[in-house]
Every structure is written in structure tokens, then in C-alpha cells.
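Heads up: the structure comes next, in C-alpha cells.
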Protein chains: 2
Amino acid sequence: MKVLTKKTDYAIRALLMLGAKKGSYVSAKSIALEQDMPYQFLRGVLQEMIRHGLIVSKEGVQGGFMLAKAPDEIPVRQLIEIFQGTVQVSECMFRKQICANRSRCVLRHEIMRIEEVVNNEFEKVTIGKLLRTLRAEDNMRSVLKDGEAPDSQTRQTGVMS
Amino acid sequence: MKVLTKKTDYAIRALLMLGAKKGSYVSAKSIALEQDMPYQFLRGVLQEMIRHGLIVSKEGVQGGFMLAKAPDEIPVRQLIEIFQGTVQVSECMFRKQICANRSRCVLRHEIMRIEEVVNNEFEKVTIGKLLRTLRAEDNMRSVLKDGEAPDSQTRQTGVMS
DNA sequence: TAAACTGATACTATATTGATATCAATTAAG
DNA sequence: CTTAATTGATATCAATATAGTATCAGTTTA
Ligand code: FES
Ligand code: FES
């Protein structure tokens, strides 16, 4: 059971990059390179996010993408919904004889409850939250390469070595 | 995002039938007919459950399948695990530069926590529990067709008509 | 006007899920 | 002791979903 598909995965990571370099346009190419994603595939993902109003773009030289809203207003939940559709149980179980009374079907009830729990949880995890934690944990070196570089005392952990 | 695949779906419903007619062998054919499942596909599912010790079988005429353990000891969680594999995040996000320190990766942490919640919930939903509720709600007519028929006062709701 | 970009879309490949088909072995019943 | 009902074990196929590639037109800046 795969929770996140590649599209959602790429979407989150792309958004994190945009969130890290807020205010400037970041090209699909640079994201693809830095995050090792297939370029055209990523472009499709980005366009989908434009359609959903999460990001905006600028064409032409020096063009690229930028967040359209505050990172805290982009829950992972929404990305899952966009790229994987809303969580749904196996259609309708017991459709034949066993469960004749739909509104009261136990399993259906149970699963919808669980669905809700999951959705609530993913709603709480936003790009902003991830961004903050990543910053706090100082794993942002590559993303920040230029921009607001965390002046020295940064490489003490030496993770990339 | 599909929570339950057909295999899990069929498995649950087959087990409910076995649970309803406990003590006697129920053939794959009768399950397939009554529950409207593809016969051979169902057989595959049943064999898988035998391998996992959930049910036992008897070959030959009047053969079939029977629960190998108490319904309360069969959590839906286990069925999901058998037929859909353990819940797993999209491999490992941020595998490249962003998240260099795996053990501390935020999103990973969040998702594993959510996974746990889901697993706990599905652990609590057992075949026994479903069975009881179904019984209580008197939606068992078709399953109980013969066997422990709930003497009269049963068809008042007239669902199958 | 050329190069660096996005918009839009069509296409291909791979993996997963769902379903079917076949044949040998076993068992109960007549 | 033969036949029909049944499971065991596999092999194959079809349908769908996911992942990835390619192409070309339009836009913008230098
Ligand atoms: S799950 Fe659909 S009626 Fe029970
Ligand atoms: S998800 Fe794998 S290291 Fe962060």
C-alpha cells in the first residue's frame, strides 16, 4: 500500500524548494536537476499545481515558478487529493446480499472513520511546517545554495561528505 | 487513493461467510455465487489465506473452507497486510540533497506516525466485530440462509424483495 | 533574433491489479 | 470403483494506474 505516489512526492519537494526561495522564480529545470526528478514529468506536476492555484509561473527567459500562497496554507492533504484523488474505500463492499442497509454498514462506517483520521492528520502537515522543521534541522544547505544562506557554522554535521 | 483492493474486499467478505457458518465447510463456489465474486480469483484469495493460517480447507466432494481461528483474532489490518503489503511511504522522499539526515526527516516522521494510527485502527476492526454488528443489525439473512436461522420475525424489513 | 523558458498535449513504458484457464489430486456418494 | 464435486497449484491474459518521454508552439529577456 503506497501512501504517496511519485507525483505527490515530487510536488512536495518542488514546493519546498519554492518555499525556500520565496519571492523569486525557480525554473523547472533547476528543480529537476537539484532534486533529481524527470524534467518533463515534473513539468506536468507543476502545471497541475498551477491549475489548482498553488503556484504561479512566468514564461520566457528567467521565468519559472513561485508559490501562490503561504506555505502554511498548503497541506500535504491537498496534494494527495490533487494527485491521488480522495481516499476511497473499495467502492462499496458487501454490495450484494450481506450488507443490505448501506447507511449502517459497519465496515463502511469503520473505514470512513479511519479515512477521516488520516485526512485530518495530513491536513495538519503543511509545506510550511515541513519547511520550518527542515530549516531548524539545518538540512537546507543544498536548497539555500544561494539566497538566504545560513552563514557559516552550517557544515558542522558534515552530512554530505 | 484506494484503501482496500478487490482481494482484501473479497477476503473480508469470504471470511464473514465462513464466520457465519462456523463449523461446516463452505465451498469457494458457493461463496463466489452468493457474494458475486469471480470464482477463480476468489480461489486464489482463499489459498493465500490458507497459507497464512487464517482458514483451513477440505478437498473433494463436500469440501470447502472453514475458519482456522476465532473471528476476533482476524483483524482487517492483517488482511490488508497480506493482500496489499505493509503501508509504505513513497520509498524515501528527499533522498537526494534536501533531507540528508534520514532519521530526523520530518515528513518521513509524520507519515510513519500516520501509518501507525491507521494500522492501529484497522487492527481494532476484526472479522468478529464486523460479524457481530452485522448480526445485530440483522443484515445476515442471506448468509444465514440455512444454519442458525434467526427464527421468524426476521423478514420484517423485507430488504431482499 | 536567439536562447531560456512555460503551455499544452500526445505518446510510450512499466507496474499493479483484476480476472481467467487448465490440469492434477482428493474425497464422498452412489 | 467410478463419477462428480471439490481444492492445489500454476500459467496466462486483460485492464488500469503510474511513471516517464517527446514535441512543438508561444513568451520573454538579453
Ligand atoms: S459497504 Fe456498501 S453497503 Fe456496506
Ligand atoms: S524521507 Fe528519506 S530521508 Fe527524509
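Below, chains carry the letters A, B, ... as their sequence lines are ordered, and counting in each starts from 1.
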Between A/Arg132 and A/Asp72, is there a salt bridge with N-O shorter than 4.0 Å?
-> yes

Winner on side-chain proximity to B/Ser27, out of D/dA9, D/dT7, C/dT6, is D/dT7

Would a hydrophobic clustering, with Ile, Leu, Val, Met, Phe, Trp and Tyr connected at side-chain separations under 4.5 Å, put B/Phe41 with B/Met37?
-> yes

Report yes if at least one side-chain N or O of A/Thr5 is closer than 4.0 Å to OP1 or OP2 of D/dA17; otherwise report no.
-> no

Rounded to the Å, how far apart are B/Gln47 CD and C/dA19 P?
-> 17 Å

Hey, which of these two, B/Ile50 or A/Lys7, hits DNA chain D nearer its 5' end, going by closest nucleotide?
-> B/Ile50

Starting at CG of A/Asp36 and ending at C1' of D/dG20, how long is that distance when rounded to a whole Å?
-> 13 Å

Would you tell me if any nitrogen or oxygen in the side chain of B/Tyr39 comes within less than 4.0 Å of OP1 or OP2 on D/dT7?
-> yes

Closest to the A/Lys29 side chain: D/dA19, C/dC5, D/dA22?
-> C/dC5

B/Ile80 has an atom CD1; how far is it from atom C1' of C/dT17, in whole Å?
-> 16 Å

Side-chain heavy-atom pair B/Tyr39, B/Leu33 within 4.5 angstrom cut-off | no

Between P of D/dA19 and CD of A/Glu48, the distance in whole Å = 14 Å

Phosphate OP1/OP2 of D/dT6: any B/Tyr25 side-chain N/O under 4.0 Å | no

OP1 or OP2 of C/dA28 sitting under 4.0 Å from any side-chain N/O of B/Lys58?
-> yes

Would you indicate which nucleotide in C/dT20, C/dG7, C/dA28 comes nearest to any side-chain atom of A/Glu59?
-> C/dG7

Hey, does B/Gly64 reach any base, or is it just sugar-phosphate, or nothing, if we go heavy atoms under 4.0 Å?
-> sugar-phosphate

Starting from P on D/dT6, measure out to CD on B/Gln40 and report it in whole angstrom.
-> 14 Å

Taking the side chain of B/Phe41 as its heavy atoms from C-beta onward, which of D/dA4, C/dT9, C/dG18 lies nearest to it?
-> C/dG18

Mind calculating the distance between CG (A/Asp9) and C1' (D/dG20) to the nearest angstrom?
-> 14 Å

Can you give the donor-acceptor pairs under 3.5 Å from side chains of residues 48-61 of chain A to other protein atoms, not counting sequence neighbours?
| from | atom 1 | to | atom 2 | distance (Å) |
| --- | --- | --- | --- | --- |
| A/Glu48 | OE1 | A/Arg51 | NH1 | 2.9 |
| A/His52 | ND1 | A/Glu48 | O | 3.0 |

Is A/Ile74 reachable from A/Ile82 through a run of I, L, V, M, F, W or Y residues, each pair having side-chain heavy atoms under 4.5 Å apart?
-> yes

Rounded to whole Å, the CD-P distance (A/Gln84 to D/dT18) equals 8 Å

Decide salt bridge (charged side-chain N to carboxylate O under 4.0 Å, His left out) for A/Arg113 and A/Glu116; before the verdict, give the C-alpha distance in whole Å, the side-chain angles of both, and the deciding distance to 0.1 Å.
-> CA-CA 5 Å; A/Arg113 190 176 54 75; A/Glu116 205 168 287; over 6 Å; no

Between C/dA8, C/dC5, D/dT28, which one does the side chain of A/Val61 approach most closely?
-> D/dT28

Regarding the side chain of A/Phe65, the nearest nucleotide among D/dA30, C/dG18, C/dG7 is C/dG7

Atom NZ of A/Lys2 to atom P of C/dT14: distance rounded to whole Å?
-> 15 Å

Residue whose nearest DNA chain C nucleotide is more 5′ - B/Leu42 or B/Gln62 = B/Leu42

